[in-house]
**Q** 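Please see the structure below; I have some questions.
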Amino acid sequence: MSKYHFNDIEAKWQKIWAERQTFKAENQSDKPKYYVLDMFPYPSGAGLHVGHPLGYIASDIYARYKRHKGFNVLHPQGYDSFGLPAEQYAIQTGQHPKKTTEENIARYREQLDKIGFSFDWSREVRTSDPDYYKWTQWIFIQLFKSWYDKNEDKARPISELEILFSKEGNQKVIAACDDDTEPFSAEDWNGFTSEEKQQILLKYRLTYLAETEVNWCPQLGTVLANDEIVNGVSERGGYPVVRKKMKQWSMRITAYAQRLLDGLDKIDWPQPLKDSQTNWIGRSKGASVKFKVLPPTPSSGGGAGYRLTGDPQSIKLLLRKAKEMRKSPTLAEKKLWQELRTSKLGYKFRRQHPVYKFIPDFVCLEKRLIVEVDGKIHDFQVEEDELRTLTLKEKKGFNVIRFTNKEVEENLEKVIHRITETLNSLPSGEGQGGDTIEVFTTRPDTIFGVSFMTLAPEHDLVSKITTEAQKAEVEAYVEASAKRSERERMADVKTISGVFTGAYAEHPFTGEAIPIWIGDYVLAGYGTGAVMAVPCGDQRDYDFAKHFNIAIPNIFEGIDISEEAFADKENTIIAHSDFLNGLSYAEATQKAIEALEAKGQGKGKINYRLRDAVFSRQRYWGEPFPVYYKNGMPQMIALEHLPLRLPEVSAYLPTEEGEPPLGRAEVWAWDTNTNKVVSNKLLSPTGGDAQRAEGDNGIYPLELNTMPGWAGSSCYMFRYMDPTNDEVFASKEALDYWENVDLYLGGSEHATGHLLYTRFWTKFMNDRGFLPVDEPVKKLINQGMILGESAFVYRLIIYLMDTTDNGSIVYEPFRIVPVFVSKNKYPVTNEFIESKELEDFAFNLLQTQVPQLPFLKLKEWFTDISLLSKNFKSLNKEELFEYLKGKIRFGINVLHSDVSFVNTSNELDISAFKNWRPEFKDAIFILENGKVYDSNSPFEGGEGDVFKVSREVEKMSKSKYNVVNPDDICEQYGADTLRMYEMFLGPLEQAKPWSTAGITGVHSFLKKLWKLYHTGAEESFHLTNEPASKDSLKTLHKTIKKVQEDIENFSFNTSVSTFMIAVNELTAQKCNSREVLEPLAVLISPYAPHIAEELWEKLGHNESISTAPFPIFDEKHLVESSKEYPVSFNGKMRFKLELPLDLTPAQIEEAVMAYDKTQEQLQGRTPKKVIVVPGKIINIVG
RNA sequence: GCAGAAGUGGUGGAAUUGGUAGACACGCUGGACUUAAAAUCCAGUGGGCAGUAAUGCUCGUGCGGGUUCAAGUCCCGCCUUCUGUACCA
């Protein structure tokens, strides 16, 4: 009674482990700590499939190994139990998501328990458990109560910001905050009302409520974060996503962009994963440049003409006159010009520039200021001057200041002072002329190559700057691109489109007018949504310029740009660029930035692609925000009143008014008097309205949104350290002891979602002193996905083909009874299948089916098509068939079959398949050998009577019917076999299809292992205490060495091979010595813990094997006295030669040359050279 | 397009610093046991050529070059597949 009864053994030990709490971790210990974590699962309705355990088995092996190595191991497990599927299911069935979630968790737990994981279940967490989400709400509150100080580069309490504001206003504070924050002084601040203060603080908080453009998914009825969108559609469900402005909670993750990047150097994560985080954060270094938008003029239309503000009718005359006047300036004019030219005052002035019908002396277009120096003539023309001033002001909106020659000549300083004052007093943005367009560029060195600018169609300035003439075209374009979904835009990358706005911007250095275009190749969401286009240096700009015939100035030394843009920074030498000529990319960039800074028109800037994360979801099954609204301002509920529990709702859908499902809750108002949730009816008569009149009753509406799926998973690894603590998130002692996760296992699909958010929250919590570490995970490993092998059956589609009066051919599928054909019978193509055999079959089918189906019904169906011959109704049965001849065609449809109906030879279990779905009950099958199987001719199962399916590797999914559950494997082969087999499949990080093809090999290995410890037909336990043979000790120690190395390198597949080799060798050696077999049990226990425990017990131990010390490798057992040298000739191995290891190379060479096989190979030739690598190889070069 | 990973028998995959290519397993073939099957055990198994045979020769790690006494491994240039990402200015 001692055979390897794995079912009994496994059940026995699983029970004992649970009862004795074998794997419970203590928060204090003399041993060093080690924290091994799996990404906790979402408990889906489909149950656990064989892909889930892959990572869990690997981490369990590591956790068990670490226990053997003397570590205090924390290895917890829990459930990420808030989420969409449970809610979707609830919408469909009305079942409370809590109920289905609990049922699913129960099933998961049962499945997990059967695999023998060493989880400490006493620490289980569930994100949907109020005792857990209390702390998620708490973290949210802490984020709300914090701001990001860029000076100290850390998050600080918002109370400290309030103190700063009251002392020095917000001018000196450098914080991560909203862009539209207005400057204010300490006095301003102290004068603000409480609401105004709250409004301002909201712009600084790390989680803030703001009107933002979000990704709205109408089908899911909720917003989605960027990482929840894949290829422009929702990750879940694949529904379209549109951009929409909504008031939402956001997380200021952008404040941490640089630290999230820098932290990657400190952690041991896979490079591809680090790369995708780096790309997601998307740091790029360059400059932000401000371009002034030039004011439009009636004569606008082309470059230079734009600047002419003069009257179009007399422009030619004016220009000629202006030119003349410039040649003969008065002394005063000359003197003043020296001060005004080259933007010395910060603004560009032009002299003798025509405005309307006049030629004023100096004009600043940007500020619409005219400076006149009166010559002698004007002394007597005061009235005329006044008229002129008035005309300029009224007709053109120019202000005029006037100086006398004397003033300029004698007190230039005073004159300049007055001009400067006037300039500063004039609003910079008056009219359309004062706008600036800010762009971000990584190539400020190419600024002289700018020949146009492009704005995203959504850019704020588009409507403002577009000229009357271009208005219709621009508006049409903006509307068209708004309609195009994200997906369309992406599918259509190659098409160049855009429209000229009619407006121009001024080049910061040359002053040239640059046309401003809009184009959807510029994305509103990146940078500023505007670019300075340098067609010679950027391919997209180049293509755009070519397409619209815009100039492509070349600013690169010795580069041909007639075919394409030149984007190679390394080999750049700038030319035709004024003060940048001859410089390299790096030099020119620096110089350009300096020049821009001097002009106040730009600065060096680092730009990030990363956006703030939207944190609101219009969903039921998520964490409620601990937020109520007073006078429209969000207020936090204090920790002592948490958790704020999810309310009950009548349905899990949005309300008719479009509010989230929580809008349906009847008891969902916050009573600040009692600090309890109360009925909505208690809200004042304006009920539900966030605005509250004075003298209210202290009852306020609660937030209706819930938190996103990643909220609960962003800090859960720390809650495991002290999961039942009711006072704090986790005690300081526990946090200090466990620090962070030493080894984290999970899929790479979380690279830019969970793994970025969790790093963000950890850094935040660390800043605020809630956590002692600033990275959650030291080492991370991505296990590869286990793919499913889907099975497909071929359904024969019988079409009816007819010719109508107008000659077109019409096909209609013949819907009588499903017919399936075996895989290799007919080719799957888009063409119809030509087959006499099938034709006969189809007629036969009709003949046999028609008596069963009411004949009239069949006729009715044909008339439904109504494309057949007109007198069809009058046909009798025989005539009908006669009519159908030649009108029948065949095609094949491929559909998924459940993989459980298919065996390893790809043969379908027909009866199981027929019972699968009611519509297949009477299905007909054409077998591989051509036999037809239907209800009349029962399946015989004779030679060749098989129905084959085709197979293809796909992601495991319920909808593809290719999910394989681990339960059956455990039942049939045992958990130990499953564990070893999953590891044996291949390298952990590699994706691989699931196939049970090789599982018997692993299973028989375990049986062989068992037999090593047993003897005789009855397999009774039998070991000797005799010393083991030298060979057996060698086997043991080489196994210890290899297995230890493999576990530490996470190369679990190779250690399974090592075990097989060891058992094969020990079996051959007939080893049954305790000296070898006792350590062997420990070696194998991380992989196959049940059999190891059973053997350990039989070896006479009362304690669990789980903490038995790992065997110590001893080199001495592997020391050899001789080596079988491979002897190569010109690198090709020819034979082997056994030689003592203590020979010198010269002795080896001598021995080899003396060997007769060597001489045989050489056939009398003398070798040129003999390479001897002692202990390795001998190579004879001939 | 960009970034990363990979390409080895019929299959999954070994080969850790350049040193016996194909470990270990599946599958297949043959044999033993059995009335039979399952299970178990034994032997063989990269291709080609020669030989009754032992055996020998030869070609072989996506393709083409190179470095080296020696290359699956290092270098250069291609091809293919997978994964991630994308008008990122």
Side-chain angles (χ1 to χ4, degrees), chain A residues 230-231 270-280 282-284 286 289 439-443 446 453-454 456 489-490 492-496 519-523 525-534 537-541 543-544 567 607-610 748-749 751-752 782 784-785 904 980-981 984-987 989-993 995-1005 1007-1008 1011 1042 1045-1046 1049 1051 1053-1064 1124-1136 1160 1167-1173 1175-1182:
Chain A
V230 179
N231 294 330
Q271 198 54 44
L273 198 143
K274 286 187 183 183
D275 290 345
S276 59
Q277 290 212 346
T278 306
N279 289 335
W280 190 261
R283 180 185 201 266
S284 48
V289 184
V439 301
F440 174 74
T441 176
T442 53
R443 297 295 302 273
T446 63
M453 300 186 70
T454 315
R489 269 209 209 183
M490 266 192 294
D492 188 23
V493 166
K494 292 284 166 281
T495 315
I496 295 163
D520 67 4
Y521 82 97
V522 176
L523 304 175
Y526 181 75
T528 59
V531 298
M532 57 174 229
V534 183
D538 182 288
Q539 194 57 43
R540 291 157 302 167
D541 296 344
D543 295 340
F544 194 86
N607 198 50
Y608 298 92
R609 194 185 84 112
L610 186 71
S748 57
E749 66 272 20
T752 52
N782 292 128
M785 203 189 307
T904 46
M980 292 200 96
Y981 182 61
F984 192 55
L985 279 175
E989 311 197 14
Q990 198 172 297
K992 51 225 153 201
S995 147
T996 49
I999 200 163
T1000 52
V1002 173
H1003 188 62
S1004 53
F1005 154 73
K1007 285 196 266 186
K1008 277 191 227 164
K1011 279 191 189 162
K1042 175 86 171 119
E1045 282 168 4
D1046 284 347
N1049 292 321
S1051 175
N1053 55 328
T1054 50
S1055 44
V1056 177
S1057 310
T1058 306
F1059 285 127
M1060 289 174 170
I1061 294 167
V1063 167
N1064 287 347
E1124 198 178 30
Y1125 280 95
V1127 182
S1128 312
F1129 291 80
N1130 295 319
K1132 280 172 198 145
M1133 207 280 287
R1134 286 293 178 240
F1135 57 83
K1136 288 172 189 172
E1160 200 180 296
K1168 281 188 196 134
K1169 206 174 177 185
V1170 179
I1171 311 278
V1172 175
V1173 185
K1176 281 248 160 115
I1177 200 165
I1178 298 154
N1179 191 15
I1180 297 165
V1181 186

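Below, read A as the first sequence line, B as the second, and so on, with proteins coming before strands; counting in each chain starts at 1.
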**Q** Take the protein atom CD1 of A:Ile1061 and the nucleotide atom C1' of B:A23, then report the distance between them rounded to whole Å.
**A** 6 Å
**Q** Using the C1' atom in both, what is the distance from B:C74 to B:U68, to the nearest Å?
**A** 10 Å
**Q** Base, sugar-phosphate alone, or nothing: which one does A:Gln990 contact when heavy atoms must sit under 4.0 Å apart?
**A** sugar-phosphate
**Q** Measure the distance from CD on A:Glu989 to P on B:G84 and round it to the nearest whole Å.
**A** 16 Å
**Q** Does A:Pro993 reach a base, just sugar-phosphate, or nothing at all? Heavy atoms under 4.0 Å.
**A** nothing
**Q** Tell me, please, which residues at least two apart from A:Asp543 pass side-chain hydrogen bond (donor to acceptor under 3.5 Å, both in side chains).
**A** A:Gln539
**Q** Using a heavy-atom cut-off of under 4.0 Å over every strand shown, decide if A:Asn1179 touches base, sugar-phosphate, or nothing.
**A** base
**Q** Reckon A:Phe1059 touches a base, only the sugar-phosphate, or nothing at all at heavy-atom distances under 4.0 Å?
**A** nothing
**Q** Using a cut-off of 4.0 Å on non-hydrogen atoms, how would the nucleic acid contact of A:Val1181 be classed: base, sugar-phosphate, or nothing?
**A** sugar-phosphate
**Q** B:A37 and B:G30: how far apart are their P atoms, nearest whole angstrom?
**A** 13 Å
**Q** Find the distance A:Tyr526:OH to B:U85:P and express it as a whole number of Å.
**A** 17 Å
**Q** Taking CE from A:Met785 and P from B:A5, how many angstroms apart are they, rounded to a whole number?
**A** 19 Å
**Q** Determine the interatomic distance between C1' on B:C82 and the same-named atom on B:C28; round to the nearest Å.
**A** 30 Å
**Q** Going by the glycosidic torsion and a 90 degree boundary from 0, is the base of B:G62 oriented syn or anti?
**A** anti
**Q** Whole Å only: how far is the NZ atom of A:Lys992 from the C1' atom of B:A25?
**A** 15 Å
**Q** Distance check, P atoms only: B:A14 and B:G62, in whole angstrom units.
**A** 15 Å
**Q** Which class fits the ring pair A:Tyr526 and A:Phe440: parallel under 30°, tilted 30 to 60°, perpendicular over 60°?
**A** perpendicular
**Q** What is the separation between atom CG on A:Leu273 and atom P on B:G4, rounded to the nearest whole Å?
**A** 15 Å
**Q** Which part of the nucleic acid, if any, lies within contact of A:Lys274, taking any heavy atom under 4.0 Å across all strands shown: a base, the sugar-phosphate backbone alone, or nothing?
**A** nothing
**Q** Please compare A:Gly282 and A:Leu985 by the position of their nearest nucleotide in RNA chain B and report the one closer to 5'.
**A** A:Leu985
**Q** Who passes side-chain hydrogen bond (donor to acceptor under 3.5 Å, both in side chains) against A:Lys274, sequence neighbours left out?
**A** none
**Q** Any side-chain N or O of A:Arg609 under 4.0 Å from OP1/OP2 of B:A86?
**A** yes
**Q** Using a 4.0 Å heavy-atom cut-off across all strands, classify A:Asn1064 as base, sugar-phosphate, or nothing.
**A** sugar-phosphate
**Q** Between B:G7 and B:G12, how far apart are the C1' atoms? Round to whole Å, please.
**A** 15 Å
**Q** Specify the separation, in whole Å, of atom CD1 of A:Ile999 and atom P of B:A25.
**A** 16 Å
**Q** When rounded to the nearest Å, what value does the distance between P atoms of B:G47 and B:U34 take?
**A** 34 Å
**Q** Rounding to an integer number of Å, can you tell me how far A:Asn1049 CG sits from B:U17 C1'?
**A** 13 Å
**Q** Strictly by Watson-Crick or wobble contacts shorter than 3.5 Å, is anything paired with B:G44, and which nucleotide is it?
**A** B:C28
**Q** Within the supplied structure, the quantity of interest is the number of heavy atoms (other residues, nucleotides, ligands) at a distance under 6.0 Å from A:Met785 CE; does it exceed 12?
**A** no
**Q** Classify A:Asn1053 by what it touches in the nucleic acid, base, sugar-phosphate, or nothing, heavy-atom distance under 4.0 Å.
**A** sugar-phosphate
**Q** Please report the distance separating the P of B:G4 from the corresponding atom of B:G10, rounded so that it comes out in whole Å.
**A** 32 Å
**Q** Looking for any heavy atom pair under 4.0 Å, which part of the strands does A:Arg1134 touch: base, sugar-phosphate only, or nothing?
**A** sugar-phosphate
**Q** Going by distance alone, is a donor N or O of one side chain under 3.5 Å from an acceptor N or O of the other, for A:Asn1064 and A:Lys1008?
**A** yes
**Q** At 4.0 Å (heavy atoms only), tell me whether A:Lys1007 reaches a base, stays on the sugar-phosphate, or touches nothing.
**A** sugar-phosphate
**Q** Return whichever of A:Tyr608 or A:Ser1051 has its heavy-atom-nearest nucleotide of RNA chain B closer to the 5' end.
**A** A:Ser1051
**Q** Both distances below 3.5 Å, Watson-Crick or wobble geometry, any strand: find the nucleotide opposite B:A71.
**A** none
